[in-house]
Amino acid sequence: MPIRTFQVDALQVEVYRHEADLVSSLVQSTQSYLNEAIARQGSAAAILASGASQLKLLENLTTVTEIDWERLTLFHLDEYLGIGGMHPASFQLFMREMVARKITPRQFNYLNGDTLEPIAECDRYHQLLSAQPIDLCFLGIGETGHIAFNDPEVADFTDRYPVKLVKLAEKSRQQQVNTGFFDRIEAVPQYALTLTLPTICKAERICCLAMGARKASIVKTMLTGAISPACPAAILRKYPTATLYLDEAAANELG
């Protein structure tokens, strides 16, 4: 159980003592939610996130045999432009290793970072996303407040593009180095494909995770600052369908 729950604008916030507690609770609620959606609709669709905040969640979620994975269509949030699906830093490879080799979904639709036509790839992925309602979306929060690759420099709360090509901010590229995905910033691609904020926020349920002391400052900004693209994650405060899951370290600056 969470040790603390509260609401900021429309956003629900749950604070857990440890990451393991957070993950255990979220896996249980996700199992129930997806099973209900599948029973009601015959199928479900979910968007998954990459990154360190998702590791334990995906490790545990993919062991749940009570979910009818064969009725679930999966997507992911973003991908670097210019690298193939077998590149060690590719989010497609992350999803194949963390999810697709462990369960058998109806379909896992990947963004292709090595596309020769990135705008056409954005359109292709938009069409796949539009084929069914999105029941669930998992998110993490970047150190600049970005969700997916919606950095403050390119975030748009009313974006007319469902999926778009963006140039990555230097801080966002440095975070990829800090978390070990690349050995130096020069190796991080300068561009990426990303689902935009309106696309993400259309999901029937949004679960955003932030763990660790290095996320404490941006979590405070997200919850106490202005709702503006300067902190893209703050948009979740407008959505009662969203819940922010924190461990004690990430909530440390909230008082």
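Sequential numbering from 1 along the given sequence is applied to the chain's residues.
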Open item on the list: Quick check against the 3.5 Å criterion: does Glu79 have a side-chain atom that pairs as donor or acceptor with the backbone of Gln92?
Closed with: yes
For residues 222-231, which side-chain N or O atoms pair as donor and acceptor with protein atoms under 3.5 Å away, sequence neighbours left out?
residue, atom, partner, partner atom, Å
Thr224, OG1, Lys220, O, 2.6
Ser228, OG, Ala230, N, 3.2

Task: Side-chain donor/acceptor of Trp69 to backbone N/O of Thr62, under 3.5 Å - done: no
Open item on the list: Determine whether a donor-acceptor pair (N or O, by modelled atom type, separation under 3.5 Å) exists between the side chain of Gln54 and the backbone of Leu139.
Closed with: yes
Open item on the list: Side chains of Gln12 and Thr5: any donor to acceptor distance under 3.5 Å?
Closed with: no
TODO: Look only at the side chain of Ser32 and the backbone of Ser29, and say whether a donor-acceptor pair between them is shorter than 3.5 Å.
DONE: no
Task: Donor-acceptor contact present, side-chain Arg124 to main-chain Ala120, <3.5 Å - done: no
- [ ] Could you check whether the rings of His87 and Phe182 sit parallel, tilted or perpendicular, using 30° and 60° as the cut-offs?
- [x] tilted
TODO: Please check if the side chain of His146 supplies one atom and the backbone of Pro232 the other of a donor-acceptor pair under 3.5 Å.
DONE: no
Open item on the list: Determine whether a donor-acceptor pair (N or O, by modelled atom type, separation under 3.5 Å) exists between the side chain of Asp135 and the backbone of Ala45.
Closed with: yes
TODO: State whether the number of non-hydrogen atoms from other residues, nucleotides or ligands found under 6.0 Å of Glu170 atom CD is greater than 12.
DONE: no
Open item on the list: Can you give me the closest heavy-atom contact between Leu58 and Phe94, atom names plus distance?
Closed with: CD1-CE2, 3.7 Å
- [ ] Using modelled atom types only, decide if a donor and an acceptor are shared between the side chain of Arg106 and the backbone of Thr73 within a distance under 3.5 Å.
- [x] no
Task: Heavy atoms of other groups near Arg17 CZ, more than 12 under 6.0 Å - done: no
Task: Atom CD of Glu117: over 12 foreign heavy atoms under 6.0 Å - done: no
Open item on the list: Would you say that more than 12 heavy atoms from the other residues, nucleotides or ligands in this model lie under 6.0 Å from the CD of Gln7, or not?
Closed with: yes
Task: Beyond-backbone contact of Cys137 with Leu77, side-chain heavy atoms, under 4.5 angstrom - done: yes
Task: Other residues, nucleotides, ligands: >12 heavy atoms within 6.0 Å of Arg160 CZ - done: no
TODO: May I ask you to check if Arg96 and Tyr110 form a cation-pi contact, with NZ or CZ under 6.0 angstrom from the six-membered ring centre and within 45° of the axis?
DONE: yes
TODO: Using atom types as modelled and distance alone, determine if a side-chain donor or acceptor of Asp159 lies under 3.5 Å from a backbone N or O of Thr196.
DONE: no
Open item on the list: Between Glu253 and Ala249 (side chain of the first, backbone of the second, donor and acceptor by atom type, cut-off under 3.5 Å), is there such a pair?
Closed with: no
